[in-house]
Amino acid sequence: MENDAGAMDVGELKSALTERQFKFAEAIIEGAEPKIAAKKAGYSKKTAAVQASRLLKNGKISAYIKARTSANAEEDISQDWVKRKLAEVAERCMEPTPHMVWDKSSQSYVHDGTWDFDADGAIKALSAIGKLDMLSEQPREKETFQGVEAFLEQLEGGRGF
């Protein structure tokens, strides 16, 4: 069955894994280090490193991880998705938040009547959106500088002023 793993879809691969193998694979997909993923899957601390190495060599597990990560890349992450997420970040950065100061008498933070927002974060997010837009535009011909006389000559159809 391990040899057939490459021909299986994500659902079939998932059902071919044990519960521990599935938990390990999901932890790896989420970005956990292999030893930590093995611990999350229920393997003991003492054997986690050895189990992680063994699990990573398992054809079904590696095929499942590969299928899931490629499916995520195709479905979730597109230029439009990135732009939407950056726009959300910019919106959140521009939301006013109360400026809090420590009040010695009440021994707590209190609102001082002013509001803050993350201008740097908003600018960075909006700048990133602009860069994405520039990358997706068709390349334009480079404009060359011409003198005022040449420009006016073009406007007058070459007749001078």
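Between His99 and Asp116 the shortest heavy-atom distance is CD2-OD2, 2.8 Å. Nearest heavy-atom pair across Cys93 and Ala122 is CB-N, 3.5 Å. Residues Lys60 and Asn58 share a closest heavy-atom pair of N-OD1, 2.8 Å. Closest non-hydrogen pair, Lys35 versus Ala52, comes out as N-CB, 3.9 Å. Closest heavy-atom contact between Ala87 and Ile129: N-CD1, 3.7 Å. In plain terms, the two heavy atoms of Ala48 and Lys39 that are nearest each other are CB-CG, 3.7 Å.
A distance of 9.5 Å separates CD1 in Ile28 from CD1 in Ile61, rounded to the nearest 0.5 Å. Here CE of Met94 is found 5.5 Å from CG of Leu126. Values are rounded to the nearest 0.5 Å. Residue Asp103 holds its CG atom at 11.0 Å from CG of Asp112, rounded to the nearest 0.5 Å. To the nearest 0.5 angstrom, Lys23 atom NZ is 13.5 Å from Leu55 atom CG. To the nearest 0.5 Å, atom NZ of residue Lys124 and atom CG of residue Asp118 are 8.0 Å apart. How far CD1 of Ile65 is from CZ of Phe24: 6.0 Å, rounded to the nearest 0.5 Å.
Trp115 and Met100 fall into different hydrophobic clusters, where Ile, Leu, Val, Met, Phe, Trp and Tyr side chains are chained together by heavy-atom contacts under 4.5 Å. The cluster map of Ile, Leu, Val, Met, Phe, Trp and Tyr, joined by side-chain heavy atoms under 4.5 Å apart, puts Phe117 and Val101 in different clusters.
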Does the pair Arg84 and Glu88 meet the rule for a salt bridge (Lys or Arg N to Asp or Glu O under 4.0 Å), with working shown?
CA-CA 6 Å; Arg84 282 193 308 274; Glu88 288 175 21; 6.0 Å; no
Hey, mind stepping through Ser15 and Leu13 against side chain to side chain contact (heavy atoms under 4.5 Å, CB included) and telling me if it holds?
CA-CA 5 Å; Ser15 63; Leu13 288 166; over 6 Å; no
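Ser62 places no side-chain N or O within donor-acceptor distance of the main-chain N or O of Leu56, the cut-off being under 3.5 Å. Between the side chain of Gln21 and the backbone N or O of Thr18 there is at least one donor-acceptor pair closer than 3.5 Å. Judged purely by atom type and a 3.5 angstrom limit, Ser53 has no side-chain atom pairing as donor or acceptor with the backbone of Val50.
For Glu33, the CD atom is loosely surrounded, since the number of other residues' heavy atoms within 6.0 Å does not exceed 12. Environment of CD in Glu19: sparse, with no more than 12 heavy atoms of neighbouring residues, nucleotides or ligands closer than 6.0 Å.
Between the side chains of Glu12 and Tyr64, no donor N or O sits under 3.5 Å from an acceptor N or O.
One finds a salt bridge joining Glu26 and Arg68 here, because a Lys/Arg side-chain nitrogen approaches an Asp/Glu carboxylate oxygen to under 4.0 Å.
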